[in-house]
Student: 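Okay, here's the structure, questions in a sec.
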2 protein chains.
Amino acid sequence: MEIIIDIDDPVPLFSQLMEQIKQAVLDGKIKAGDALPSIRQLANDLDINSKTVAKSYRLLERDNVIQTKGYRGTFVHPDAKVNSMIDLNTTIFEHLSKVIEVLRDRGATDSEIRIAFGTVMNNRKD
Amino acid sequence: MEIIIDIDDPVPLFSQLMEQIKQAVLDGKIKAGDALPSIRQLANDLDINSKTVAKSYRLLERDNVIQTKGYRGTFVHPDAKVNSMIDLNTTIFEHLSKVIEVLRDRGATDSEIRIAFGTVMNNRKD
DNA sequence: ATATGTACCATGCATCATACTGGTACATAT
DNA sequence: ATATGTACCAGTATGATGCATGGTACATAT
């Protein structure tokens with residue numbers, strides 16, 4: 001599995017990593033049950049921080065593309081291939097596009113939309 | 001019509017101006033058809049940039065609170081009172097809140113939502 | 001001449017949130 | 001001893017954004 005990280009790419013490192021692992025699954029380069037490099041190992045190889053790799057792994061596990069088994073390491077999820085085709089980001093993009101289109105039609109300024117968005121995101125009431 | 005602008009107020013100047021004009025309409029201090037000070041005149045009185053006043057006027061016209069008649073000046077909109085009670089920003093906030101709540105429930109990370117949002121905002125296809 | 005709204009050019013400043021980094025620590029198990 | 005994922009503390013830097021500013025110019029009309 002060859003991973004290439006470009007620090008000059010505007011795409012965040014953790015996103016690049018996620019995409020490439022997903023792609024590797026889709027290409028069949030890694031298959032269900034295969035072991036993935038450990039977080040620290042991969043971070044060392046790619047010369048990036050382990051927290052960044054951990055972030056990618058955490059999100060990939062949320063998407064059921066990989067599975068972590070504690071001290072035993074991380075493995076490709078049984079349904080990885082199917083789940084790699086599902087892109088949550090696409091869903092997010094579509095939902096947001098719809099709303100923003102409506103708001104723009106109502107005359108809302110991009111500036112106003114951005115400000116309101118920031119307000120919503122920073123006011124979590126958990 | 002007394003307008004008071006506080007440059008130390010964290011609320012943007014153009015927002016302060018919009019709010020006070022709306023409030024003046026609601027209070028009946030200015031009524032439909034009344035003439036408003038010209039952009040340059042008001043900017044001079046308040047000692048702020050004319051572009052800032054122009055911005056407030058532009059947004060107030062979008063909200064149908066005022067009406068500009070080219071070289072003749074700016075006047076209070078016939079339906080100003082009704083439209084002054086409507087706050088577009090509230091609408092924007094509500095729409096965005098709904099969508100974001102849905103996305104979060106689906107497991108979307110704030111990070112992912114923000115990235116997608118940025119993508120949508122920067123990809124206008126007009 | 002004077003004044004209206006509007007449009008374009010542009011810049012400085014402050015703010016904010018992200019992404020990334022680093023260090024330390026823990027329970028787990030080999 | 002070594003390694004796993006995970007968690008907490010924290011700081012930095014980069015970029016994006018909004019706000020406000022300035023100057024100039026135009027067509028319009030009094």
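In the text below, chain A, chain B and the rest are named by the order of the sequence lines, each starting its count at 1.
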Student: Kindly state which residues belonging to residues 15-24 of chain B come within less than 4.0 angstrom of DNA chain C, counting heavy atoms of the residue only, listed by number.
Tutor: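 Within residues 15-24 of chain B, no residue comes under 4.0 Å of DNA chain C.
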Student: Kindly give the atom pairs (protein nitrogen or oxygen, nucleotide nitrogen or oxygen) under 3.5 Å for nucleotides 15-17 of chain C.
Tutor:
unit_1	atom_1	unit_2	atom_2	d
C:dA17	OP1	A:Asn122	ND2	2.6
C:dA17	O3'	B:Arg114	NE	3.3
C:dA17	O3'	B:Arg114	NH1	3.4

Student: Do A:Asn64 side-chain atoms and A:Asn83 backbone N/O form a donor-acceptor pair below 3.5 Å?
Tutor: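 Not a single qualifying donor-acceptor pair exists.
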Student: Is A:Arg58 touching bases, backbone alone, or none of the nucleic acid, heavy atoms closer than 4.0 Å?
Tutor: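 Nothing, no heavy atom under 4.0 Å.
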Student: Under 3.5 Å, side-chain donor or acceptor atoms of residues 17-32 of chain A against the rest of the protein: list the pairs with distances, not counting sequence neighbours.
Tutor:
unit_1	atom_1	unit_2	atom_2	d
A:Gln20	OE1	A:Ile4	N	3.0
A:Gln20	NE2	A:Ile4	O	2.5
A:Gln23	NE2	A:Asp27	OD1	3.1

Student: Students often get this wrong, so: under 4.0 angstrom with heavy atoms, is A:Glu112 touching a base, only sugar-phosphate, or nothing?
Tutor: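 No contact at all - A:Glu112 keeps every heavy atom at 4.0 Å or more from the nucleic acid.
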Student: Which pairs of donor and acceptor atoms, one on a side chain in residues 86-95 of chain A, lie under 3.5 Å apart (sequence neighbours left out)?
Tutor:
unit_1	atom_1	unit_2	atom_2	d
A:Asp87	OD1	A:Asn89	N	3.1
A:Asp87	OD2	A:Thr90	OG1	3.2
A:His95	ND1	A:Thr91	O	3.0

Student: So, is A:Thr52 near the phosphate of C:dT21, with a side-chain N or O under 4.0 Å from OP1 or OP2?
Tutor: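 The answer is yes; a side-chain N or O of A:Thr52 sits under 4.0 Å from OP1 or OP2.
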Student: Could you note down all residue pairs passing salt bridge (Lys or Arg N to Asp or Glu O under 4.0 Å) where residues 58-73 of chain A supplies at least one of them, sequence neighbours left out?
Tutor: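 Output for this query lists A:Arg62-B:Glu112.
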Student: Please check the phosphate of D:dG22 (OP1 and OP2 only) for any side-chain N or O of B:Asn49 closer than 4.0 Å.
Tutor: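 For D:dG22, OP1/OP2 do have a side-chain N/O of B:Asn49 under 4.0 Å.
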Student: Name the atoms and distances for all side-chain donor-acceptor pairs under 3.5 Å in residues 38-47 of chain B, with sequence neighbours left out.
Tutor:
unit_1	atom_1	unit_2	atom_2	d
B:Ser38	OG	B:Gln41	N	3.0
B:Gln41	NE2	B:Asp45	OD1	3.1

Student: Just distance, no hydrogens or angles: give the donor-acceptor pairs under 3.5 Å from side chains in residues 5-13 of chain B, sequence neighbours left out.
Tutor:
unit_1	atom_1	unit_2	atom_2	d
B:Asp6	OD1	B:Asp8	N	2.9
B:Asp9	OD1	B:Val11	N	2.8

Student: What stem regions, each of at least 3 consecutive Watson-Crick or G-U pairs below 3.5 Å, can be found for DNA chain C?
Tutor: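 The stems that DNA chain C takes part in, listed by first number, are C:1-30 with D:1-30.
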Student: For nucleotides 8-11 of chain D, tabulate all protein N/O to nucleotide N/O atom pairs closer than 3.5 Å, reporting atom names and distance.
Tutor:
none

Student: Can you measure B:Ile5 atom CD1 to D:dC19 atom C1' for me and round it to whole angstrom units?
Tutor: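 So the CD1-C1' distance, B:Ile5 to D:dC19, works out to 13 Å.
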Student: Whole Å only: how far is the CG atom of B:Leu42 from the P atom of C:dA3?
Tutor: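 Answer to the nearest Å: 16 Å.
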Student: May I ask you to list the residues of residues 66-75 of chain B, by number, that have any heavy atom positioned under 4.0 Å from an atom of DNA chain C?
Tutor: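 Within this stretch, B:Thr68, B:Gly70, B:Tyr71, B:Gly73, B:Thr74 sit under 4.0 Å of the strand.
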Student: Nearest-nucleotide wise, let me know which of A:Phe14 and B:Arg40 is further upstream toward the 5' end of DNA chain C.
Tutor: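 That would be B:Arg40.
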Student: Would you jot down, in residue-number order, the residues of residues 29-39 of chain A having a non-hydrogen atom under 4.0 Å from DNA chain D?
Tutor: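 By residue number: A:Ser38, A:Ile39.
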Student: Mind checking what makes side chain to side chain contact (heavy atoms under 4.5 Å, CB included) contact with B:Lys98, not counting sequence neighbours?
Tutor: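 Listed in chain order: nothing, the list is empty.
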Student: Would you give the length of the straight line joining atom CG of B:Leu60 to atom CD1 of B:Ile66, rounded to the nearest 0.5 angstrom?
Tutor: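 If we round to the nearest 0.5 Å, B:Leu60:CG and B:Ile66:CD1 are 4.5 Å apart.
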